[in-house]
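Excluded from the calculations below are hydrogen atoms, water molecules and symmetry mates; all remaining heavy atoms, backbone and side chain alike, are included.
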Amino acid sequence: MSLLLSIVVPVYNRPNEIDELLESLTRQDYKNPYEVVIVEDGSTESSEKVIDKYIDKLNIKYLFKENSGPGDSRNYGMRKASGNYFIILDSDVILPTHYLSTINSFLKNNYVDCFGGADTAHESFTVIQKAINYTMTSFLTTGGIRGGKTKVQKFEPRSFNMGISKEAFEKTNGFARIHPGEDPDLSRRIEKAGFKTSFLPNAYVYHKRRISWEKFHTQVKKFGMVRPILTSWHPKTKKITFWFPTFFVFFVITSVLGTILKSNIIVLLPLLSYLGVLMIHSTITSKSIKVGILSVYATFIQFFGYGIAFLKSTFYIRVLKRDPEKQFPYLFFKKN
């Protein structure tokens with residue numbers, strides 16, 4: 001099969017981010033033709049001036065539409081794209097020089113209709129960005145479900161770094177209106193339609209995540225709310241590992257209460273041991289003690305934010321059998 005890649009990127013008031021992404025595309029060692037489809041999702045801060053910088057360097061298709069969320073914007077971009085294989089990226093990623101050539105080589109030798117790649121931190125990132133990246137990707141925190149050699153469950157391609165064939169897109173109608181969660185949902189529907197998905201080694205991106213601690217907490221809360229909805233839609237995807245953040249919340253509470261009631265610090269030893277291992281591992285991998293310490297803080301934000309929201313959503317969706325869109329309307333974009 002002859003591959004013609006179309007890179008599809010939704011952008012919402014993020015011209016600086018798209019600038020860095022496009023700059024990394026100009027440095028690719030991939031020599032075959034490809035196009036870049038930028039979808040302005042109802043932005044009030046246009047990326048037009050940034051696009052103009054690269055119009056002679058890249059084959060860019062710049063599109064505008066009313067705001068309807070990243071999932072619908074990706075669908076719009078794929079419908080307007082010229083290629084037969086779509087690479088879906090977030091606007092806040094930067095690509096290593098080998099990214100496209102790695103994808104092309106893999107698909108020519110191991111063709112799949114949907115793939116996902118990992119994300120990692122660039123050395124230029126801030127310590128907060130590196131700490132958040134660690135907690136989002138480490139086996140010690142998420143079980144490596146966002147991509148890596150060591151994972152505790154089947155990998156789900158994510159839309160910050162995801163490939164999908166035109167055939168699979170047309171068969172499934174692309175991303176749903178839910179957000180976040182639209183990417184694992186699409187991955188499962190692609191599989192149900194009879195297509196094969198895969199983790200693509202070495203096709204990683206540098207995921208910048210320009211977010212504060214507060215925004216990170218909001219993000220992981222939404223992840224926790226979405227997961228019970230997804231498992232209600234796709235029952236075979238239920239995993240005990242989705243409960244781990246909630247278990248961690250109870251573990252911390254019981255450890256602290258046990259220490260107070262027993263007046264013995266040894267009760268905290270298991271918790272402190274885990275946090276110590278996590279901090280040491282993060283420090284070694286990042287080569288920064290500050291990142292290691294902040295990774296512990298980020299882990300508490302992630303586990304408490306996700307864990308409590310997951311428990312709440314499970315109660316409403318799985319126990320009370322509430323309609324997800326009526327219970328959590330802010331997780332769904334309106335139909336156009």
Side-chain angles (χ1 to χ4, degrees), residues 121 126-146 148 150-153 180-181 209 211-232 238-320 322 327-328 330-331:
T126 67
V127 289
I128 292 178
Q129 289 169 331
K130 290 177 180 178
I132 290 176
N133 180 269
Y134 176 84
T135 60
M136 293 289 283
T137 60
S138 173
F139 177 80
L140 293 176
T141 53
T142 63
I145 63 172
R146 298 177 69 89
T150 306
K151 299 181 287 293
V152 298
Q153 69 176 70
R209 292 193 183 93
I211 54 180
S212 63
W213 291 120
E214 182 180 0
K215 290 180 179 178
F216 179 52
H217 182 250
T218 298
Q219 182 185 55
V220 293
K221 276 177 60 179
K222 288 184 177 181
F223 288 158
M225 291 177 184
V226 159
R227 182 54 71 176
I229 298 173
L230 296 179
T231 54
S232 69
K238 288 189 292 185
K239 304 285 184 181
I240 189 65
T241 51
F242 295 149
W243 282 92
F244 282 4
T246 306
F247 294 159
F248 179 81
V249 172
F250 291 138
F251 176 49
V252 171
I253 293 173
T254 55
S255 296
V256 172
L257 289 178
T259 300
I260 295 172
L261 293 173
K262 292 182 177 293
S263 300
N264 192 337
I265 193 67
I266 199 170
V267 179
L268 278 177
L269 188 58
L271 174 62
L272 295 176
S273 297
Y274 167 70
L275 297 176
V277 170
L278 188 148
M279 185 182 73
I280 292 170
H281 185 255
S282 176
T283 298
I284 293 173
T285 55
S286 67
K287 299 178 182 179
S288 167
I289 182 64
K290 191 171 183 179
V291 172
I293 294 171
L294 288 177
S295 293
V296 174
Y297 182 60
T299 297
F300 273 95
I301 292 177
Q302 178 176 316
F303 281 3
F304 271 75
Y306 182 105
I308 295 172
F310 178 86
L311 185 62
K312 175 183 176 181
S313 182
T314 297
F315 176 73
Y316 284 115
I317 303 303
R318 309 296 295 187
V319 179
L320 298 183
R322 297 279 181 84
Q327 183 63 45
F328 303 113
Y330 47 87
L331 298 177

For Pro245 versus Thr241, what's the shortest heavy-atom pair and its separation?
CD-O, 3.9 Å

Side chain to side chain, Val226 and Phe328, heavy atoms closer than 4.5 Å:
no

Heavy-atom count around Ile266 CD1 within 6.0 Å, excluding the residue itself: above 12?
no

Are any non-hydrogen side-chain atoms of Phe303 and Val252 less than 4.5 angstrom apart?
no

Can you check side chain to side chain contact (heavy atoms under 4.5 Å, CB included) on Thr142 and Phe244, steps first, answer last?
CA-CA 9 Å; Thr142 63; Phe244 282 4; over 6 Å; no

What I'd like to find out is whether the side chain of Leu331 reaches to under 4.5 Å of the side chain of Pro180, using heavy atoms alone.
yes

Taking the six-membered ring for Trp and the single ring otherwise, decide whether the centroids of His281 and Phe139 are under 6.0 Å apart.
no

Validation row: Val220, Phe304 side chains within 4.5 angstrom (heavy atoms):
no

Short question: side chain of Ser282, backbone of Leu278 - any donor-acceptor pair under 3.5 Å?
no

May I ask you to decide if Leu140's main-chain N or O and Tyr274's side chain share a donor-acceptor pair within less than 3.5 Å?
yes

Please tell me if the side chains of Phe248 and Leu271 come closer than 4.5 Å, counting only heavy atoms from C-beta onward.
yes

Gap between atom CZ of Phe315 and atom CZ of Arg322 - 0.5 Å precision:
7.5 Å

Would you say that Phe223 contacts Arg227 through its side chain, given a criterion of any heavy-atom pair below 4.5 Å between the two side chains?
no

A side-chain contact here means heavy atoms from C-beta on lying under 4.5 Å apart; do Phe242 and Leu230 qualify?
no

Run the side chain to side chain contact (heavy atoms under 4.5 Å, CB included) test on Met136 and Thr141 for me, step by step, so that the C-alpha distance in whole Å, both residues' side-chain angles and the decisive distance to 0.1 Å come before the verdict.
CA-CA 7 Å; Met136 293 289 283; Thr141 53; over 6 Å; no

Interatomic distance, OG@Ser288 vs CG@Leu294, rounded to 0.5 Å, equals 8.0 Å

Can you tell me how far the CD1 atom of Ile317 sits from the CZ atom of Phe310, to the nearest 0.5 Å?
11.5 Å

Return each pair, listed once, that meets side-chain hydrogen bond (donor to acceptor under 3.5 Å, both in side chains) where at least one residue sits in residues 298-318; pairs must be two or more places apart or across chains.
Thr135-Gln302

Can you see which heavy atom on Ala121 is nearest to which on Lys130, and at what distance?
CB-CG, 4.1 Å

So CD1 of Ile301 and NZ of Lys221: to nearest 0.5 Å the spacing works out to 12.5 Å

Rounded to the nearest 0.5 Å, how far does CG of Leu257 lie from CZ of Phe250?
12.0 Å

With rounding to the nearest 0.5 angstrom, report the CH2 to NZ distance, Trp243 to Lys238.
11.0 Å

